[in-house]
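Structure first, commentary second.
Sequential numbering from 1 along the given sequence is applied to the chain's residues.
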Amino acid sequence: MSQPLPWSYSSLEDFVNCPRSYHEKRILKSVKEDESEQMIWGTTVHKHFEDRQKHGTPLPRELMQFEPLMVRLDNIPGDFFAERKVALNRQLEPCDFFAKDAWWRGVIDWTKINITDRKAKIYDYKTGKMHSKFKQLKLFALHTFYSYAEVDEVDVKFYWTQTQMTTGETYRRDEIQKIWLEFIPDLKQYVEAFKTDVWQPRPSGLCNGWCPVTSCEFWRPRKRR
């Protein structure tokens with residue numbers, strides 16, 4: 001039996017998609033996924049947004065269309081945080097990102113805490129295709145509730161750079177238990193895999209050339225169009 005690694009939204013999603021692939025990539029580290037152009041672009045956008053918001057560094061020409069967004073976010077009242085590395089321990093207490101007892105970890109792109117109104121606003125920038133999966137945002141809301149007893153409501157949004165649209169939801173403090181219920185089944189399987197050291201493959205469309213674990217019996221080369 002091994003101690004479960006701290007998890008994030010993306011690592012738990014990776015596990016749920018395929019425990020075998022998760023084990024190879026994140027524990028054995030026998031394979032490494034190449035950083036795509038889209039991933040590099042996403043990192044670049046996040047860095048420019050952070051520098052603009054924290055230091056007033058002008059956006060480069062190719063990102064100037066987002067200056068109105070920057071101004072709009074600047075004008076929202078509250079205590080501001082950018083690219084904030086956050087974590088919770090098993091007791092659901094906020095802790096340092098690199099703490100030995102960290103259980104969940106995340107990075108929140110943009111936050112404003114308005115204690116006067118007992119509200120918080122969170123934005124997560126997305127440079128890829130739009131989707132309607134909000135579990136990542138729910139985790140950010142949970143961390144905010146545990147970090148700020150004065151906050152009763154958290155408005156969390158994805159900002160999609162390709163369309164300049166926002167999607168998201170608003171959560172209230174009395175929904176904490178309900179939100180956690182969405183994660184418990186997957187987390188139980190996650191802990192059990194570490195306990196038993198059994199990492200079953202879970203075949204899906206990702207097996208068709210998208211997964212880097214080419215040694216898996218379900219792996220197939222990607223079909224060329």
Side-chain angles (χ1 to χ4, degrees), residues 1-51 62-63 82-90 95-109 124-131 133-137 139-140 143 158-162 183 185-225:
M1 175 179 177
S2 59
Q3 190 71 14
L5 294 177
W7 60 281
S8 64
Y9 167 76
S10 60
S11 68
L12 185 62
E13 185 180 48
D14 212 6
F15 172 82
V16 170
N17 285 338
C18 180
R20 165 80 180 275
S21 178
Y22 170 92
H23 186 245
E24 295 277 354
K25 292 186 293 185
R26 296 181 181 262
I27 299 178
L28 298 181
K29 300 186 186 298
S30 59
V31 295
K32 184 177 180 180
E33 291 184 280
D34 293 331
E35 195 172 25
S36 66
E37 290 185 8
Q38 185 181 33
M39 293 169 66
I40 295 172
W41 173 242
T43 300
T44 299
V45 170
H46 278 73
K47 179 59 176 171
H48 283 302
F49 283 8
E50 178 187 8
D51 289 344
E62 64 269 24
L63 295 177
E83 295 299 324
R84 188 182 185 195
K85 292 184 176 181
V86 297
L88 296 172
N89 61 24
R90 284 180 176 270
C95 62
D96 185 77
F97 188 85
F98 296 106
K100 291 183 178 180
D101 64 340
W103 172 232
W104 167 80
R105 289 174 175 154
V107 180
I108 306 178
D109 294 340
D124 188 76
Y125 311 125
K126 295 296 184 186
T127 55
K129 294 181 180 179
M130 290 181 66
H131 61 69
K133 298 182 292 185
F134 295 141
K135 278 190 172 183
Q136 184 179 20
L137 298 183
L139 289 167
F140 293 162
H143 178 270
F158 287 132
Y159 179 84
W160 304 94
T161 59
Q162 290 187 15
F183 294 92
D186 291 339
L187 287 172
K188 283 184 175 179
Q189 292 183 31
Y190 180 77
V191 172
E192 184 67 14
F194 281 90
K195 180 180 179 180
T196 60
D197 198 27
V198 174
W199 307 89
Q200 294 286 0
R202 188 167 293 157
S204 71
L206 296 173
C207 300
N208 299 323
W210 298 100
C211 177
V213 186
T214 58
S215 60
C216 177
E217 62 270 30
F218 295 105
W219 186 88
R220 298 290 183 273
R222 193 179 307 176
K223 294 182 179 180
R224 297 187 180 277
R225 295 180 179 179

Are Lys188 and Glu192 close enough, and set up right, to give a salt bridge (charged side-chain N to carboxylate O under 4.0 Å, His left out), and what steps lead you there?
CA-CA 6 Å; Lys188 283 184 175 179; Glu192 184 67 14; over 6 Å; no
Are Cys18 and Glu24 close enough, and set up right, to give a side chain to side chain contact (heavy atoms under 4.5 Å, CB included), and what steps lead you there?
CA-CA 10 Å; Cys18 180; Glu24 295 277 354; over 6 Å; no
CH2 (Trp210) with more than 12 external heavy atoms under 6.0 Å
no
Taking it one step at a time, do Lys135 and Glu13 satisfy salt bridge (charged side-chain N to carboxylate O under 4.0 Å, His left out)?
CA-CA 10 Å; Lys135 278 190 172 183; Glu13 185 180 48; over 6 Å; no
Do Trp104 and Leu139 pass the side chain to side chain contact (heavy atoms under 4.5 Å, CB included) test, and can you show the C-alpha distance, the side-chain angles, and the key distance before you say yes or no?
CA-CA 9 Å; Trp104 167 80; Leu139 289 167; 3.6 Å; yes
Verify, without hydrogens or angle tests, whether Ser11 (side chain) and Trp7 (backbone) share a donor-acceptor contact under 3.5 angstrom.
no
Looking only at heavy atoms, what is the nearest atom pair of Phe218 and Pro201, with distance?
CE1-CG, 3.8 Å
For Glu83 and Asp109, what are the C-alpha separation, side-chain angles and deciding distance, and is it a side chain to side chain contact (heavy atoms under 4.5 Å, CB included)?
CA-CA 4 Å; Glu83 295 299 324; Asp109 294 340; 3.1 Å; yes
I need the Thr161 OG1 to Met130 CE distance, nearest 0.5 Å.
11.0 Å
Within this structure, what is the CD1-CG distance for the pair Ile27 and Asp197, rounded to the nearest 0.5 Å?
8.0 Å
Non-hydrogen atoms of Phe15 and Asp186 that approach each other most closely:
CE2-O, 4.2 Å
His23 side-chain N/O to Pro19 backbone N/O, donor-acceptor pair under 3.5 Å
no
Is any side-chain heavy atom of Gln3 closer than 4.5 Å to one of Phe194?
no
Arg222 vs Asn208, test: side chain to side chain contact (heavy atoms under 4.5 Å, CB included). Steps then yes/no.
CA-CA 5 Å; Arg222 193 179 307 176; Asn208 299 323; 5.9 Å; no
Under 4.5 Å between any side-chain heavy atoms of Arg20 and Glu217, yes or no?
yes
Work out which heavy atom in Gly128 is nearest to a heavy atom in Trp160; give both atom names and the distance.
O-CE3, 3.8 Å
For residues Asp124 and Gln136, report the shortest heavy-atom separation together with the two atoms involved.
OD2-OE1, 3.9 Å
So, the side chain of Tyr190 versus the backbone of Leu5: is there a donor-acceptor pair under 3.5 Å, distance only?
yes
Shortest non-hydrogen contact from Trp219 to Gly209?
NE1-CA, 4.0 Å
Please report the interatomic distance OG1(Thr127) to CD1(Ile40), rounded to the nearest 0.5 Å.
11.5 Å
Give every residue pair that meets the salt bridge (charged side-chain N to carboxylate O under 4.0 Å, His left out) criterion with at least one member in residues 96-107, sequence neighbours excluded.
none
Looking only at heavy atoms, the pair that brings Leu12 and Phe183 closest together is CD2-CD2, 4.3 Å
What distance do Arg202 atom CZ and Cys211 atom SG have between them, rounded to the nearest 0.5 Å?
13.0 Å
Parallel, tilted or perpendicular: which one describes the rings of Phe158 and Phe134, with boundaries at 30° and 60°?
tilted
